[in-house]
Amino acid sequence: MLQRPRRNRQSAVIRDMVEETRLSVKDMLFPLFVQAGSGKKTPIVSMPGINRYSVDLLLKEIDECANLGIRSFALFPQVEESLKDSIASESHRKGSLYLDAIHAVSSRFPEISLLTDVAMDPYSSDGHDGIVKDGQILNDETLPVLAKMAIAQAQAGSRLIGPSDMMDGRVGYLREALDGAGFSNVGIMAYTAKYASAFYGPFRDALESAPKFGDKKSYQMNPANRREALIELELDEAEGADFLMVKPALAYLDIIALLRENSHLPIAAYNVSGEYAMIKAAAQNGWLDGEKAMLESLLSIKRAGAQVILTYFAKEFAQLTKA
Ligand code: PBG
């Protein structure tokens with residue numbers, strides 16, 4: 001036998017030498033949830049280890065994560081039901097919980113990167129990512145709301161926005177709105193291929209943001225579709241996106257690889273709440289080694305071609321690798 005692949009697997013040092021993919025905390029972006037009040041830390045039942053924080057404790061949590069080497073975060077707000085309406089007014093109201101939180105985080109930690117979320121659903125009394133009329137999600141009527149939100153976030157200190165809504169044309173619309181308001185340095189991480197997925201369940205628990213009727217299939221992509229992701233890629237590139245994102249990650253590794261092969265922009269992948277919950281639940285039952293399953297799945301996302309991984313495992317990964 002001339003070729004014996006096992007020769008390169010025979011010791012730890014040789015295995016390390018030929019290792020093709022290595023995870024670093026620098027690859028990761030840690031999503032966090034903020035809620036009103038002070039001194040509040042509320043566990044998310046379907047996401048063991050993840051909490052919703054009031055702003056004071058959020059700052060503490062970010063400080064702790066920063067000391068572990070995490071430099072990138074995303075932030076999502078839980079909005080009180082009484083503040084929700086059909087046009088998401090709360091999403092761009094000065095003095096809102098979310099805008100105040102962005103301001104607090106970006107002024108206290110100027111060196112970190114904070115991805116701020118542009119979408120109506122946390123503020124919408126319909127629980128949808130667009131304005132609803134007669135059961136339809138209106139596209140072009142939603143764009144100005146998203147633009148107000150993006151500009152308000154930039155004014156509050158955001159340097160990177162993440163439109164997670166999937167309305168057509170929103171990347172270009174937001175790019176133009178930001179530029180027009182003097183924010184040409186604010187980047188856009190586009191949710192390029194965001195699928196209508198069952199894996200968002202625990203996130204909607206965390207924010208109480210589930211749609212009040214129907215589903216999101218008229219705007220999020222059909223999980224059966226691969227070529228359609230290339231249409232979204234071409235549009236987001238042409239409209240000025242700075243990052244392209246695939247979401248979820250684990251059931252869509254082929255889509256991550258596809259985007260990686262077809263664009264020169266950095267590719268991000270969102271290892272979503274349900275993907276986190278599955279591993280945690282199995283580990284709690286003693287059915288899986290949670291730590292190994294975490295590392296293997298994060299590795300697969302990077303190997304598929306993601307340069308940035310949004311993951312609820314970021315802190316655990318940082319703790320594990322710092323030790
Ligand atoms: C909605 C939004 C969702 C997530 C991020 N932004 C859920 C949805 O589309 O209903 C899900 C993230 C996760 O599951 O971790 N704008």
Side-chain angles (χ1 to χ4, degrees), residues 28-34 44-52 73-79 84 88 90-91 98 114-132 137 139 142-143 145-146 149-150 153 160-167 170-171 174 188-223 232 243 245-252 268-281 294 297-298 301 306 308-315:
M28 289 173 207
L29 197 155
F30 190 28
L32 297 165
F33 301 116
V34 65
I44 313 299
V45 176
S46 49
M47 302 177 74
I50 300 295
N51 306 286
R52 233 169 32 216
F73 300 84
L75 189 63
F76 297 96
Q78 184 215 23
V79 178
K84 298 184 184 182
E90 181 65 10
S91 67
Y98 193 55
L114 183 69
L115 175 69
T116 62
D117 187 54
V118 173
M120 285 179 62
D121 56 318
Y123 317 89
S124 152
S125 45
D126 298 301
H128 276 287
D129 295 40
I131 292 180
V132 178
I137 314 301
N139 194 89
T142 298
L143 299 177
V145 182
L146 300 177
M149 214 182 291
Q153 292 176 5
L160 185 60
I161 60 157
S164 64
D165 58 288
M166 290 303 276
M167 295 302 115
R170 93 276 203 213
V171 171
L174 293 174
I188 301 180
M189 185 180 283
Y191 285 62
T192 299
K194 176 171 179 178
Y195 288 87
S197 171
F199 293 103
Y200 306 148
F203 175 95
R204 294 176 188 172
D205 293 344
L207 298 189
E208 295 168 333
S209 64
K212 301 280 163 63
F213 70 90
D215 52 41
K216 298 192 173 185
K217 289 182 185 168
S218 76
Y219 45 107
Q220 298 179 349
M221 284 177 60
N222 180 347
E232 293 284 1
F243 292 80
M245 192 202 294
V246 176
K247 177 181 177 184
L250 291 175
Y252 299 87
Y270 201 142
N271 181 210
V272 299
S273 57
E275 299 176 323
Y276 176 84
M278 278 198 298
I279 290 179
K280 284 290 171 192
M294 163 183 82
S297 47
L298 291 171
I301 296 168
V308 180
I309 307 173
L310 290 84
T311 180
Y312 302 98
F313 285 118
K315 189 176 181 188

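The structure displayed is predicted, hence computed values, not measured ones. Atoms within each ligand, like the ligands themselves, are counted from 1 in listed order.
Summarising the local packing, NZ of Lys217 is surrounded by 12 or fewer heavy atoms from other residues, nucleotides or ligands at distances under 6.0 Å.
Phe33 places none of its side-chain heavy atoms less than 4.5 Å from the side chain of Gln78.
Neither the backbone nor the side chain of Tyr276 comes within 4.0 Å of ligand 1, counting heavy atoms alone. For Ser273, heavy-atom contacts with ligand 1 shorter than 4.0 Å involve the backbone as well as the side chain.
For ligand 1, the polar-atom distance check against Tyr191 finds no nitrogen or oxygen pair separated by under 3.5 Å. The N/O atoms of Asp165, backbone and side chain alike, include none that comes under 3.5 Å of an N/O atom in ligand 1. Considering backbone and side-chain atoms alike, Asp117 places every N or O at 3.5 Å or more from each N or O of ligand 1.
Residue contact annotation: Met120 has no non-hydrogen atom under 4.0 Å from ligand 1. Distances shorter than 4.0 angstrom occur between a heavy atom of Asp121 and an atom of ligand 1. For the ligand labelled ligand 1, residue Tyr312 lies inside the 4.0 Å heavy-atom shell. Residue contacts with ligand 1 leave out Glu275, since none of its heavy atoms falls under 4.0 Å from the ligand.
Protein heavy atom closest to atom 5 (C) of ligand 1, with residue, atom name and distance, is Lys247 NZ, 2.6 Å. Considering only non-hydrogen protein atoms, atom 12 (C) of ligand 1 sits nearest to Phe203 CD1, 3.3 Å.
Residues Gly127 and Lys216 share a closest heavy-atom pair of O-CE, 3.9 Å. For Met167 against Leu146, the heavy-atom pair with the smallest separation is CG-CD1, 4.3 Å. Closest of all the heavy-atom pairs between Phe243 and Leu160 is CE1-CD1, 4.2 Å.
Separation of atoms OG1 (Thr116) and CE (Met189) is listed at 11.0 Å; rounding is to 0.5 Å.
Figure legend: Lys247 and Tyr200 shown as a cation-pi pair, the cationic atom lying under 6.0 angstrom from the six-membered ring centre and within 45 degrees of its axis.
Just one of Arg170, Gln220, Lys194 meets the side chain to side chain contact (heavy atoms under 4.5 Å, CB included) condition when paired with Asp165; it is Arg170.
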